[in-house]
Amino acid sequence: TDLDFSEHIWLACHDHVEENVEIAETIWEENALEVEDDSYGKIMGYLSSKDSSLRGAAARALAHAIEFKPSVFSDIVAELEEKYATESKPKEPGKDKYGMPLKVDMTDHWETRSGIALAFNAMANGFEGDQIPSFLGFLIERGPLVDRSSVVRAQMESSGSSVIAARGHQRIEELMKILEATLETSDKATETSDLLNESVIVLYGSLARHLKADDPRLQVVVKKLLAALPTPSETVQSAVSGCLPPLIRLSGRQSAEYVQEMMDQILRSKEYAVQRGAAYGLAGIVAGRGISTLREFKVMSLLKEGAEN
């Protein structure tokens, strides 16, 4: 073949169907095709596809292509971040010669932002050093975690979790400070703040999984998660509950105090949001400690007694 690189075959090499991958890899090898300097831009164009499978293939293809030339990683991350910033801006209708607004398609073409999120996820293992807190700052400060598309929000959160899982151990202290500052300073009782706090809590829990049982920071994280439970937002409470089990399993005897704290809030608080948050917290703690916790602390009988009182 006269081709040195074919984006179509390279994309097929990263298809979600294994049979397609095998055929594409055979063609790639038999024709001695190679990734070139202009290959990245060609691949990135497919991140905007309407087809979710093709967006996923493009994300994996881009991440793999970068492995042949790691020096382009930072530039591509920056390009994707700028592309997201552009794509996330709401459309503004133009005006005719009389100053009247023109009709414009206001449909949210979220697919490009989705493709960018998938690319970040696929590239997770490539983040190093300062790139890690910088990427976390991008997710928190520039809108990805509160994107107007629920699909994009979930994929951006997943990309953040992947980067933290793969590389968070390099900058635990710095990342903890960023996440804690966000939880402490974000506005309360707004939909946007709830969305942000929900994702930040998930990322905070992901980061804490790098901590060992004897690391004093582990209990700091658990206590901060429990402190977030009284929020009126049920989605945030649910996120906390989902983060707790693996951390509680590492907490040893101290977890007994957390059970008692949640029971006290459920039985004594007069605020519904606090009681509901404590119930979510208790569920996460029991999932971590095991079902025997219900018998050990007489949870069911105390709840029944409280309900009858």
Side-chain angles (χ1 to χ4, degrees), residues 145 150 153-154 157-158 161 164-165 176 179-180 182-309:
L145 296 180
S150 60
R153 286 199 304 272
E157 180 186 296
S158 180
S161 293
I164 286 174
M176 283 182 68
L179 295 169
E180 289 169 0
T182 303
L183 291 173
E184 291 167 4
T185 60
S186 65
D187 295 330
K188 306 297 185 219
T190 67
E191 183 180 2
T192 299
S193 68
D194 286 348
L195 291 172
L196 179 60
N197 288 340
E198 179 186 354
S199 289
V200 168
I201 282 169
V202 171
L203 298 178
Y204 194 49
S206 298
L207 181 63
R209 299 183 77 163
H210 287 294
L211 302 176
K212 304 297 183 184
D214 59 352
D215 192 321
R217 293 175 296 185
L218 177 65
Q219 300 315 314
V220 172
V221 171
V222 173
K223 288 174 181 177
K224 285 188 178 292
L225 288 172
L226 295 178
L229 285 169
T231 175
S233 170
E234 188 170 2
T235 57
V236 171
Q237 293 169 337
S238 178
V240 171
S241 183
C243 290
L244 285 173
L247 308 184
I248 292 298
R249 282 192 279 271
L250 296 173
S251 296
R253 295 178 182 176
Q254 188 133 10
S255 63
E257 297 177 20
Y258 303 142
V259 175
Q260 196 58 57
E261 182 183 345
M262 294 299 100
M263 289 299 297
D264 288 345
Q265 290 181 18
I266 292 171
L267 297 172
R268 297 179 182 178
S269 176
K270 295 182 179 180
E271 296 181 35
Y272 172 67
V274 174
Q275 289 180 312
R276 185 184 63 199
Y280 269 108
L282 181 62
I285 293 169
V286 170
R289 282 177 56 94
I291 198 70
S292 61
T293 303
L294 298 179
R295 183 181 65 253
E296 181 182 348
F297 291 89
K298 302 178 181 177
V299 171
M300 301 311 294
S301 59
L302 286 172
L303 290 179
K304 183 178 180 181
E305 183 180 317
E308 293 172 348
N309 186 348

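Computation of the quantities below employed the complete heavy-atom set of this structure, encompassing side-chain atoms and omitting hydrogens, waters and symmetry-equivalent molecules.
In terms of modelled atom types and a separation under 3.5 Å, the side chain of Arg276 and the main chain of Pro232 share a donor-acceptor contact. Counting only distance, with no hydrogens or angles, the side chain of Ser241 and the backbone of Gln237 share no donor-acceptor pair below 3.5 Å. Listed for the Ser206 side chain is a donor-acceptor partner under 3.5 Å among the backbone atoms of Val202. With hydrogens and angles ignored, the 3.5 Å screen pairs no side-chain donor or acceptor of Glu198 with any backbone N or O of Val236.
Separation of atoms OG (Ser199) and CG (Asp194) is listed at 11.0 Å; rounding is to 0.5 Å. Between the CD atom of Gln275 and the NZ atom of Lys270 there is a distance of 11.0 Å, given to the nearest 0.5 Å. Note that the CG atom of Leu267 and the CG atom of Leu302 stand 6.0 Å from one another [nearest 0.5 Å]. Atom CG of residue Leu195 and atom OG1 of residue Thr235 lie 6.5 Å apart, to the nearest 0.5 angstrom. Note that CG of Leu196 is 11.5 Å distant from CZ of Arg153, once rounded to the nearest 0.5 Å. To the nearest 0.5 Å, the span separating OG1 on Thr185 from CD on Glu180 amounts to 11.5 Å.
Residue pairs that meet the salt bridge (Lys or Arg N to Asp or Glu O under 4.0 Å) test with at least one member in residues 279-289, sequence neighbours left out, are Arg289-Glu296.
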Assess whether salt bridge (charged side-chain N to carboxylate O under 4.0 Å, His left out) is satisfied between Glu261 and Lys223, documenting all intermediate values.
-> CA-CA 11 Å; Glu261 182 183 345; Lys223 288 174 181 177; over 6 Å; no
Working for side-chain contact (heavy atoms from CB on, under 4.5 Å), residues Leu244 and Leu226 = CA-CA 9 Å; Leu244 285 173; Leu226 295 178; 4.0 Å; yes
Begin from the C-alpha positions of Met262 and Ile285 and carry the test side-chain contact (heavy atoms from CB on, under 4.5 Å) through to its verdict.
-> CA-CA 9 Å; Met262 294 299 100; Ile285 293 169; 3.7 Å; yes
Decide yes or no on side-chain contact (heavy atoms from CB on, under 4.5 Å) for Met176 and Val221, but give the supporting numbers first.
-> CA-CA 9 Å; Met176 283 182 68; Val221 171; 3.6 Å; yes
Using the side-chain contact (heavy atoms from CB on, under 4.5 Å) rule, take Leu145 and Leu203 through it: C-alpha gap first, then chi angles, then the decisive distance, then the call.
-> CA-CA 11 Å; Leu145 296 180; Leu203 298 178; 4.1 Å; yes
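Using a 4.5 Å heavy-atom cutoff, the side chains of Leu225 and Tyr204 are in contact.
A donor-acceptor pair shorter than 3.5 Å cannot be found between the side chains of Thr190 and Thr192.
Heavy-atom minimum distance, Leu229 versus Gly281: CD1-CA, 3.6 Å. Shown here for Ala228 and Val240, the closest heavy-atom pair between the two residues is CB-CG2, 4.2 Å.
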Taking only distance into account, with no hydrogens and no angle test, what donor-acceptor pairs under 3.5 Å do side-chain atoms of residues 247-254 form with protein atoms, sequence neighbours excluded?
from	atom 1	to	atom 2	distance (Å)
Ser251	OG	Gln219	NE2	3.3
Ser251	OG	Leu247	O	2.8

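Arg217 and Asp215 are joined by a salt bridge, as a carboxylate oxygen and a charged side-chain nitrogen come within less than 4.0 angstrom of each other.
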